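Here's the structure, in C-alpha cells; my notes come after.
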2 protein chains.
Amino acid sequence: MPTVRLRDVAERAGVSVRTVSNVVNDFVHVAPATRERVHRALDELGYRPNLAARQLRRGRSGVISLVVAEIDSPYFAELAAVVVRAAETRGWDVHIDQTDGDPDRERRMLSGPLGQQVDGVVFSPWALAPAELTQRAPSIPLVVLGERQANGQVDHVAVDNVAAAHDATAHLISHGRQRIVALGLQPHLSNETARLRQQGYRDALVDAGRSLDPRLEVGVQRLHRSDGAQAVARLLTEDVSFDALFCFTDQLALGAIRALADRGLRVPDDVAVVGFDDIEDGRYAVPSLTTVAPDKRQIADVALRLLANRIQDPAAPVVDFVAAHELVIRQSSDPVTIYPNHAGGS
Amino acid sequence: MPTVRLRDVAERAGVSVRTVSNVVNDFVHVAPATRERVHRALDELGYRPNLAARQLRRGRSGVISLVVAEIDSPYFAELAAVVVRAAETRGWDVHIDQTDGDPDRERRMLSGPLGQQVDGVVFSPWALAPAELTQRAPSIPLVVLGERQANGQVDHVAVDNVAAAHDATAHLISHGRQRIVALGLQPHLSNETARLRQQGYRDALVDAGRSLDPRLEVGVQRLHRSDGAQAVARLLTEDVSFDALFCFTDQLALGAIRALADRGLRVPDDVAVVGFDDIEDGRYAVPSLTTVAPDKRQIADVALRLLANRIQDPAAPVVDFVAAHELVIRQSSDPVTIYPNHAGGS
DNA sequence: AGCCAGCCTTGCAACGTTGCAAACTTTGAG
DNA sequence: CTCAAAGTTTGCAACGTTGCAAGGCTGGCT
C-alpha cells in the first residue's frame with residue numbers, strides 16, 4: 001500500500017505541492033482546468049490526507065473526545081450515538097473514552113485524553129466532585145454533561161435533576177402510593193446527580209405533606225441492573241414495606257422489576273416503578289417502564305454547539321444550559337396504560 | 001495553557017532535546033542523574049507528548065478503529081466495552097466508528113477510517129458481502145468480526161453461527177415445540193450472519209425430521225426491538241400459528257416478547273422465545289431471556305491479538321478463529337427455570 | 001503602449017517529534 | 001599509560017502538511 005502524498009499527486013498532475021493542497025482544501029483562485037487535472041490525479045492515486053501531518057501543521061485535529069463512565073451502559077451508549085451523529089454534521093470525529101466511574105481516570109481525562117490530540121472534550125462525570133471540574137478546566141475546551149456545578153466556570157448541559165425527580169415522585173404520590181422508595185444513592189461517590197435526584201424526591205414528599213423515612217432511601221454500589229435487583233431483594237428480606245420505587249436510572253429500575261417478579265410481586269399493582277433516562281430497554285420491557293426522559297438529542301446538539309463556541313473563543317462567557325425532560329408514563333406505574341410509546345426504533 | 005514541548009523541557013533541564021526524548025521513551029543509556037533531572041523538568045512543566053508529531057515521525061498512531069453498525073445497540077456497546085478494555089492492555093486507544101448498517105459507509109471505513117490515522121481496524125460488517133471485504137483488505141491491517149468469508153483472505157473471529165443456531169433451535173424442539181419461527185432474516189442486505197443462522201435453524205428442523213415452512217421464516221428491516229415487535233404483531237394478525245420464536249438477536253427477542261405480552265400471550269407457556277447475543281437486558285428481562293451467548297471477552301482478546309500480529313507482520317498467514325458460544329437457558333424457553341444467571345453485573 | 005489589479009501558482013519554512021549516526025566521555029583491559 | 005569498548009549525549013534531517021508572502025500571468029483601463 002504505497003502511501004500517497006501531496007507530492008506524488010503534484011508530480012502526476014504537473015503542478016506544485018502547494019496547488020494540490022489548495023485544491024484539496026477547496027481554496028479559491030484555482031483555475032478550473034488545473035483543479036480538474038489535480039482532481040483526476042487525486043482520484044487516480046487514491047490520495048488520502050495524512051491527518052497527523054495536517055493536525056501538526058494546523059494545530060487542530062477535528063477530533064473531540066466523549067468521556068463517559070461506561071460505554072456499555074445503555075444510557076451512555078445512546079448518548080454516544082447521538083453525540084457521534086451530531087459531531088458528524090460539524091465535520092468532527094468522536095473519540096470515546098471510558099472511565100469505569102473511577103475518579104482517578106476521570107481526573108486524568110480532564111487534563112486531556114489522547115495528548116493534545118483532541119480539540120475539545122465532552123465530559124460526563126460520574127465520580128468527580130464539581131469543584132474538581134472547575135479547577136482543572138482551563139487546559140482544554142470542555143463541556144460538562146449532567147451534574148451541576150455551583151459556580152459556573154465550565155460550560156454545562158443537564159436536565160433539571162431536582163425538578164425531574166420531583167415530577168417522578170409527585171406522579172407516584174398522585175397515584176396514591178404511600179411508601180415510595182428512592183433507589184440509587186451513591187454515598188461513597190461524589191456523585192452530584194444522585195444527590196440532586198434525592199433532593200427532588202424529598203422535596204416532592206415534603207410538598208405533599210409526607211414525612212421522610214431514611215429506610216426508604218436506598219444506596220447502591222453501582223448502577224447496573226444487578227444493583228437494582230439486589231437492593232430490592234434486600235428491602236424485601238428486611239421487611240421494609242413499600243408500594244413504589246423511584247429509581248435513579250432505568251437500569252436500576254429494570255433490575256428492580258426483575259427482583260420483584262421473582263418474589264411474585266406484581267408491577268404496578270403491588271409496586272409501582274419509575275426510572276430515569278428513557279433507555280430503549282425500558283420502552284420494550286414487560287411491563288414497559290415509566291421514566292424521566294431527558295432530551296438526549298438536544299443535550300448532544302447543545303453540548304457540541306457550546307464546545308464549538310468554546311474552541312473558537314476560549315474567553316466566551318460560560319453557559320449553563322438546562323435541557324428539556326419529560327415524564328413518560330408507561331405501564332410500570334399506571335395500570336391503565338396499555339402499550340404506549342411503542343414507536344421509536346433505536 | 002502554554003503547550004509544553006520537548007524543547008521547553010530540554011531548556012529547563014539543561015540538556016538537549018534529544019535527551020529528553022530519550023528519557024520520555026525510556027531509552028537505555030541515559031545517566032541516572034540526567035534522567036532524574038529531566039523527569040523533574042517533565043513534571044514541573046507538565047509535559048504531554050504531541051501525538052500528532054509523534055505519529056508523523058513514527059508512522060504509527062497507537063490508535064485502532066472499531067467499526068460497528070451502531071454503538072447504541074447493546075450487543076455492539078458491550079462488545080465495544082470489552083474491546084476498549086482489551087486494547088488498553090496493549091497500550092492502544094480505540095476509535096469507534098458507526099456505519100448505521102449502511103453499505104457505503106462500511107465500504108468507506110474499509111479503505112481506512114480517519115485517514116492513515118489508525119494502525120488497524122476491527123470491523124464488524126453488517127451489510128457488506130464477504131467478497132467485498134477480501135477485495136479491499138490490503139490497504140490496512142484488518143480483523144473481521146462475525147460473518148464468515150469463504151476464502152480466508154482476512155483474519156477473522158466469529159462464533160459458529162450455524163452450530164449456534166442449530167443448538168438454539170434443537171433446544172426448542174427438544175422442549176416439544178412444534179411450530180418454530182425464525183425471526184431476523186435480512187433478505188435486502190448481504191447480511192451473511194443472518195443467512196448462517198437461518199441455515200442452522202433449517203438444519204436443526206431437518207435433523208429432527210421436521211418440514212420447513214416458509215411462512216415461519218420472517219424477515220425484518222432492521223434489528224431493533226421495534227422490528228421484533230412489529231414482526232410478531234404481523235404474524236398474529238396474519239393468523240400464522242406458532243409456539244416458539246428463535247430470534248437472531250436478543251433485541252428482536254425482547255421486542256417480540258413485548259408484542260406477545262400485549263396480545264395476552266404468555267412466555268414461555270404459549271410461546272417460547274430464544275434470542276442471540278446475551279445482552280445484559282436479556283438477563284434481567286421478565287421473563288429472563290434464553291439466548292446464545294458468544295464469548296465476547298474471547299472475541300475481543302483474539303481479535304486484538306490477531307490485529308497485533310497482522311500489524312507486525314502483514315504477510316503472516318491468515319487466521320480464522322471460531323469463538324466459543326454457549327446456549328444459556330432461562331425462563332423464556334423453560335417454565336422450570338426460576339431465576340438463573342442472576343449474577344454478573346455488566 | 002503602459003500600467004494596475006486581480007487572478008493564479010509557487011517556494012520556503014515550520015508544526016513537534018524521533019531515526020540516524022557522529023561525537024564526546026568514561027571505564028577497563030593489556 | 002594507551003587504546004578499545006562501552007556508555008552517554010548531541011545535531012541534523014525528515015515525517016506530510018499548510019501559512020505566508022512573493023512571483024508570474026492575464027486582461028482591462030487609460
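Sequence lines set the chain letters: A, B, ... in the order given, protein chains first and strands last, and positions in each chain run from 1. From a predicted model like this one, the values you see are computed outputs, not experimental measurements.
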If the cut-off is 4.0 Å, is [X] near the phosphate of [N], judged by side-chain N/O to OP1 or OP2?
X: N50(B); N: dC15(C); answer: no
X: S21(A); N: dT18(D); answer: yes
X: N22(A); N: dT9(C); answer: no
X: T19(A); N: dT10(C); answer: yes
X: R54(A); N: dT18(D); answer: yes
X: R58(A); N: dT17(D); answer: no

Looking only at the side chains, is there a donor atom on one of N50(B) and R54(B) sitting less than 3.5 Å from an acceptor on the other? no
Heavy-atom nearest nucleotide on DNA chain C for A52(B) versus R18(B): which residue maps closer to 5'? A52(B)
Nucleotide nearest [X] when distance is taken to its side chain, options [options]:
X: V30(A); options: dT9(C), dT10(D), dG16(C); answer: dT9(C)
X: L56(A); options: dT18(C), dT8(D), dC15(C); answer: dC15(C)
X: A31(B); options: dT18(D), dG16(C), dT8(D); answer: dT8(D)
X: T34(A); options: dC8(C), dT8(D), dT17(C); answer: dC8(C)

Do D119(B) side-chain atoms and I64(B) backbone N/O form a donor-acceptor pair below 3.5 Å? no
Please confirm whether the backbone N or O of G146(A) pairs with a side-chain atom of H156(A), one donor and one acceptor, at under 3.5 Å? yes
Looking at R12(B) and A41(B), what are the two nearest heavy atoms and their distance? CG-CB, 3.7 Å
Between atom [atom1] in [X] and atom [atom2] in [N], what is the gap in whole Å?
X: R7(A); N: dA14(D); atom1: CZ; atom2: C1'; value: 11 Å
X: R37(A); N: dT9(C); atom1: CZ; atom2: P; value: 8 Å
X: R35(B); N: dG7(D); atom1: CZ; atom2: P; value: 14 Å

Ion pair D8(B)/R5(B), N-O distance below 4.0 Å: yes
